[in-house]
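These notes concern the structure reproduced below.
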There are 2 protein chains.
Amino acid sequence: MGDEMKIPQATAKRLPLYYRFINNLYLQGKLRVSSKELSDAVKVDSATIRRDFSYFGALGKKGYGYNVEHLLQFFRRTLDQDETTEVALIGVGNLGTAFLNYNFMKNNNTKIVVAFDANDGLVGTEIGGVPVAHIDDLEEKMGNVSVAILTVPSQAAQGITDRLVERGVSGILNFTPARISVPPTVRVHHIDLSVELQSLAYFLKHYPL
Amino acid sequence: MGDEMKIPQATAKRLPLYYRFINNLYLQGKLRVSSKELSDAVKVDSATIRRDFSYFGALGKKGYGYNVEHLLQFFRRTLDQDETTEVALIGVGNLGTAFLNYNFMKNNNTKIVVAFDANDGLVGTEIGGVPVAHIDDLEEKMGNVSVAILTVPSQAAQGITDRLVERGVSGILNFTPARISVPPTVRVHHIDLSVELQSLAYFLKHYPL
DNA sequence: CAAAAAACGTGATGAATTTCACAAAGTTAG
DNA sequence: CTAACTTTGTGAAATTCATCACGTTTTTTG
Ligand SMILES: NC(=O)c1ccc[n+]([C@@H]2O[C@H](COP(=O)([O-])OP(=O)(O)OC[C@H]3O[C@@H](n4cnc5c(N)ncnc54)[C@H](O)[C@@H]3O)[C@@H](O)[C@H]2O)c1
Ligand SMILES: NC(=O)c1ccc[n+]([C@@H]2O[C@H](COP(=O)([O-])OP(=O)(O)OC[C@H]3O[C@@H](n4cnc5c(N)ncnc54)[C@H](O)[C@@H]3O)[C@@H](O)[C@H]2O)c1
């Protein structure tokens, strides 16, 4: 499992992106692809792509490029595309509902299998094929999911996080503006939409291209 | 306006985050704060915070820390908190509706003022106080917004992008999985939720903490 | 088959960012 | 007022990442 511990984090973040585009190429029937072509598609410098791939060994052929099918199979293995990661979603509001309706399974090794909310009107329903349980039953009904998506009001974020961590969750995708505290064994990725919008506006005003 | 061109981009991305937490402290009636306290709250190393602030001059006092009110006023000016950036949202589906219902104006210098969709059933309605117009009327009704949020199906992303760019938009927050092409004068921030989820899963499997 | 073209893999370099660690300056307590 | 303590601001080192540039291998063309 965790063999190749030397892959830069920046590279690891690009792998799912590569995977998606290579899969597209495969579905289009393309047999080979060069780092330059891939670069145009994913908007990542071609040297960076070659460097990224090289961490996994020599995947390509000089003068030819990369064999699409070979590359695809390689990525499937590397991203554990076959072994699905089960995910829980907490907070079935505006954002949470959008995620449940979205089919995260396209090109994806992750699947939301259960959702939780405090609103009794939602409990017992099914959204996008995912059953909604009551937050009070979190411990009982979350099974052994290892990843949670947090889309609750920010006030509730830390309390729920503590329960998730206690229950053994090791990764949290946090959409709330709260910066949650977790033990060092738990990984949190923050997606802060307000900050993204504000910083885009700031860049436009102060870093004219 | 664009005086301080020397602020590292990594710092610029953290400014809205700092602003939000400083504002919270102010609302809580706190008079001063140290880089260490702020570090605990925003989960950014305290040395990084001091370095970030130092790009704007000496904002703090040795042995004391930072005066919350002073800091807040400084950030308000710096982030142009008073001058609101008007934003258009394209694609009023699951995700787009969530954004419209969300009040981006809390602690925020950005405001969605108009939305567009191809679905006639939506056109003419108002969601979260934002009027929805038909995508055919994009050029006519978008006014002079400079930023657009893209939440359309990925197939439509490039076509709409071209129209936005043609119309003078200079920043795009792209939520579609498509990697769109723009001239070098336009800034695109990609938020790829599937990639975020997949890469979190990958990190958990390969980089155990 | 030979020459030209294509494209990988990577050493070297440089840019950007984070972090350490400490002198200097200010605060607090007695 | 003095001593002990706190905390900033910043050189310097460390780290991470992206990009250049080219030798080498393979493919393609004529
Ligand atoms: N909607 C957006 O566009 C947007 C943008 C940026 C950030 N966010 C953040 O995402 C989070 C969710 O936003 P939203 O718009 O979906 O909010 P929402 O109010 O629509 O949904 C929140 C949901 O969480 C549920 N909830 C409340 N307390 C709970 C608890 N203790 N346990 C379980 N469920 C609980 C509520 O019943 C509700 O269904 C918020 O923190 C918000 O700040 C949202
Ligand atoms: N919903 C999610 O959780 C989620 C997650 C990851 C990525 N995304 C991406 O975000 C985008 C939107 O997702 P969604 O779930 O809201 O989809 P959706 O299908 O619910 O909404 C898309 C909306 O765009 C409108 N539309 C279609 N073509 C258009 C055109 N040419 N001009 C204007 N409007 C048009 C549709 O009428 C619809 O209202 C998609 O690209 C999707 O891949 C969504």
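No hydrogens, no waters, no symmetry mates; every other heavy atom, side chains included, goes into these values. Throughout, a chain's letter reflects where its sequence line sits, starting with A, and its residues are numbered from 1.
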Is the distance from OP1 or OP2 of D/dA18 to the nearest side-chain N or O of A/Arg14 less than 4.0 Å? yes
What orientation do B/Tyr19 and B/Phe75 show, parallel under 30°, tilted 30 to 60°, or perpendicular over 60°? tilted
Students often get this wrong, so: under 4.0 angstrom with heavy atoms, is A/Phe53 touching a base, only sugar-phosphate, or nothing? nothing
Rounded to the nearest angstrom, tell me the gap between atom NZ in A/Lys43 and atom P in D/dT19. 15 Å
Does any donor atom in the side chain of B/Asn109 or B/Thr85 lie under 3.5 Å from an acceptor atom in the other side chain? no
No-H, no-angle donor-acceptor pair, A/Arg51 side chain to D/dT19 base, under 3.5 Å: yes
Rounded to whole Å, the CG-P distance (B/Asn67 to D/dT6) equals 21 Å
Between the side chains of A/Tyr18 and A/Asp52, does any donor sit under 3.5 Å from an acceptor? yes
Ignoring backbone atoms, test whether B/Tyr66 places a side-chain nitrogen or oxygen under 4.0 Å from the OP1 or OP2 oxygen of D/dG9. yes
Spacing between A/Leu71 atom CG and C/dC8 atom P, to the nearest angstrom: 11 Å
Whole angstrom is fine here: how far is it from NZ in B/Lys6 over to P in C/dA16? 13 Å
For the pair B/Phe74 and B/Phe56, name the ring-plane relationship: parallel under 30°, tilted 30 to 60°, perpendicular over 60°. perpendicular
Closest listed nucleotide, where the reference is the side chain of B/Lys62 and the choices are C/dC8, D/dT7, D/dT27: D/dT7
Do the side-chain N or O atoms of B/Lys36 get closer than 4.0 angstrom to the phosphate oxygens (OP1, OP2) of D/dT7? no
note: A/Lys61, atom NZ; D/dT28, atom C1'; distance rounded to Å ~ 14 Å
By nearest-heavy-atom nucleotide on DNA chain D, the more 5' of B/Ser54 and B/Glu37 is B/Glu37
Interatomic distance where OH belongs to B/Tyr64 and P belongs to D/dT7 [whole Å]: 11 Å
Under 4.0 Å, heavy atoms only, any strand: does B/Ser35 hit a base, just the sugar-phosphate, or nothing? sugar-phosphate
Which of A/Ile135, A/Leu89, A/Asp136 passes side chain to side chain contact (heavy atoms under 4.5 Å, CB included) with A/Phe116? Answer is A/Ile135
C/dT18 phosphate, OP1 or OP2, under 4.0 Å from B/Thr48 side-chain N/O: no
Is any side-chain N or O of A/Arg50 closer than 4.0 Å to OP1 or OP2 of D/dA21? no
Atom CD1 of B/Ile7 and atom P of C/dT17 are separated, to the nearest Å, by 12 Å
Closest listed nucleotide, where the reference is the side chain of A/Gln9 and the choices are D/dT25, D/dC17, D/dG9: D/dC17
In whole angstrom, give the distance that lies between atom CZ of B/Arg32 and atom P of D/dT7. 7 Å
Contact nearer the 5' end of DNA chain C, comparing A/Gly60 with A/Gly63: A/Gly63
